[in-house]
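This report refers to the structure that appears directly beneath it.
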Number of protein chains: 2
Amino acid sequence: MAVSERGPRERMVFSAAQLIRRDGVAATGMREVAAHARAPRGSLQHYFPGGKEQLVNEAVDWAGRYAARRVDRFLAALAEPTPAGLFAQMVRQWTDEYEAAGFGGGCPVAAATVDRAGSVASTREAASAAFTHWTGAVARALSGMGVPEERAEPLATLMISSLEGAILMARAERDVRALTAVSRELGPLLDAAVGGTGAR
Amino acid sequence: MAVSERGPRERMVFSAAQLIRRDGVAATGMREVAAHARAPRGSLQHYFPGGKEQLVNEAVDWAGRYAARRVDRFLAALAEPTPAGLFAQMVRQWTDEYEAAGFGGGCPVAAATVDRAGSVASTREAASAAFTHWTGAVARALSGMGVPEERAEPLATLMISSLEGAILMARAERDVRALTAVSRELGPLLDAAVGGTGAR
DNA sequence: CACTCCTTATGACCGCTGTCATAGTAGCGG
DNA sequence: CCGCTACTATGACAGCGGTCATAAGGAGTG
């Protein structure tokens, strides 16, 4: 969470992602981003000549890469990797945050999609790319665990979809119930896909 | 889609839901809602003295009841009801819309959660209530199909979560891929819960 | 007609937001 | 010291959005 030790430009992208995931894209102002990043207001114009659109897109891009990196890290940390174990970790990241810091934040990519998918083409594409990145990381992990190639990507999509949806429900309800439910219910299905043929 | 044949008040709530699901809460203006509903601007103040907050909350509430009603209707229309069949219908409603009308709209409850959960308590509660309504309808349907009581609600949560998440991904990607994937992958798990004991 | 209640009409206000223009400072190679 | 580039500082502006104040239609009812 430490913001410092990075250039002002990167700090602003990071702050944008944080504010977007809390308040949504529309409610996040540029001046606010600069203040949050403790960066000078004048730098906005300098580093992001494309304006808010560029800043938002970079924040979404950053979030997608971050999510993919997290997946790789979860995978590496698992003593004995299973699909259910990976999914449990992905969910746990959110339950931990919500229990420790409250239900203030959601997923920045989801926020960008809701607020901008219909109006700003480049942002919609950034969100799409972020989901693709993330899904790719999960699918590769599944493949590495023995899930048949043709099921890895659909299962990764299912994992991310249910996680995103559960995040929404958890924020609305201020309760991690939905998150724990999807983790528990989906686990067996995921593990059952290991080593099988392509059969559903 | 026909807006007419209802009082101006109800039309405005309906229009608000439509605009919110397309553009998000913050980007939806009150004047715009009135115009879309072909209702006089002055009526906003009259019917919604609580301002935008009240209008948004009622739109979310409406969306929750609508979703629950749809579930009941899907259930009634199924010749031979199965959990996977119900879920397929729920997903199909979205693929049909996206293929027929484009990827312009998402779920209004999701939009309200993303844009307001952190800032407006009453709206967060409205979203929570909407999810509860919806989940309840699905859980009752599952119970009626023979799913054990203690798994009906978690499975309903999983269905709605993955549907919401897949909606997000579909909008971002402008492709129904995610929706069809979750429907296909989740189906067998859902049907396997019929008649079983509580065992996961 | 008078009175009353539900509904509409309008215009103004104020705060905020993204963006631009313009000018300033800092460091550095020459 | 010059000149150049990278960055920062500010103020203005035009637009929009939610809200309020105020007043007017308009249909019943007595």
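Because only heavy atoms are used, hydrogens play no part in the values below, and waters and symmetry mates are left out as well, while side chains stay in. Protein chains get the first letters and strands the later ones, always in sequence-line order, with residue 1 at the start of each.
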Hey, can you pull the donor-acceptor pairs under 3.5 Å for the side chains in residues 115-131 of chain B, sequence neighbours left out?
residue : atom : partner : partner atom : Å
B:D115  : OD2  : B:V25   : N            : 2.9
B:D115  : OD2  : B:A26   : N            : 3.2
B:S122  : OG   : B:E53   : OE2          : 2.6
B:S122  : OG   : B:N57   : ND2          : 2.8
B:T123  : OG1  : B:N57   : OD1          : 2.6
B:R124  : NE   : A:A172  : O            : 2.9

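In summary, A:E58 and A:R9 engage in a salt bridge, as defined by a charged side-chain N under 4.0 Å from a carboxylate O.
Legend: residues meeting side-chain contact (heavy atoms from CB on, under 4.5 Å) with A:D191, ordered by chain and number and at least two apart, are A:T82, A:P83, A:A84. In this structure, the side-chain contact (heavy atoms from CB on, under 4.5 Å) partners of B:E10, at least two apart in sequence or on a different chain, are B:R6.
Computed from coordinates, the B:Q54 CD to D:dC20 P distance equals 12 Å when rounded to whole Å. A:L55 has its CG atom 14 Å from the C1' atom of C:dT19, to the nearest Å. One can place CD of A:E10 at 14 Å from P of D:dC7, the figure rounded to the nearest angstrom. As rounded to whole Å, 10 Å separates atom P of C:dG18 from atom CG of A:L44. With rounding to whole Å, B:F48 atom CZ is found 12 Å from C:dT8 atom P. Rounding to whole angstrom units, NE2 of residue B:H46 and P of C:dC6 are separated by 7 Å. Remark: P of C:dT8 and CZ of B:R38 are 15 Å apart, rounded to the nearest angstrom.
Rounding to the nearest 0.5 angstrom, the gap separating the CZ atom in A:R92 from the OG1 atom in A:T180 is 12.5 Å. Here B:L186 contributes atom CG and B:L155 contributes atom CG; the two are 8.0 Å apart, rounded to the nearest 0.5 Å.
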Could you write out each protein N or O paired with an N or O of nucleotides 21-27 of chain D at a distance under 3.5 Å?
residue : atom : partner : partner atom : Å
D:dA21  : N6   : B:Q45   : NE2          : 2.9

Between the protein and nucleotides 16-19 of chain D, list the N/O to N/O atom pairs that are separated by less than 3.5 angstrom.
residue : atom : partner : partner atom : Å
D:dG18  : OP1  : B:T28   : O            : 3.3
D:dG18  : OP1  : B:K52   : NZ           : 2.8
D:dG18  : OP2  : B:M30   : N            : 2.8
D:dG18  : N7   : B:R31   : NH1          : 2.5
D:dG18  : N7   : B:R31   : NH2          : 3.4
D:dG18  : O6   : B:R31   : NH2          : 2.9
D:dT19  : OP2  : B:K52   : N            : 3.0
D:dT19  : O4   : B:R31   : NH2          : 3.2

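The shortest non-hydrogen separation linking A:A63 to A:P108 is CB-CG, 3.7 Å. In terms of heavy atoms, A:L189 sits closest to B:E185 at CD2-O, 3.8 Å.
Taking only side-chain nitrogens and oxygens, A:S43 never comes nearer than 4.0 Å to OP1 or OP2 of D:dC7.
The list of side-chain hydrogen bond (donor to acceptor under 3.5 Å, both in side chains) pairs with a residue in residues 165-177 of chain B, not counting sequence neighbours, reads A:E153-B:R177, A:T157-B:R177, B:E173-B:R177.
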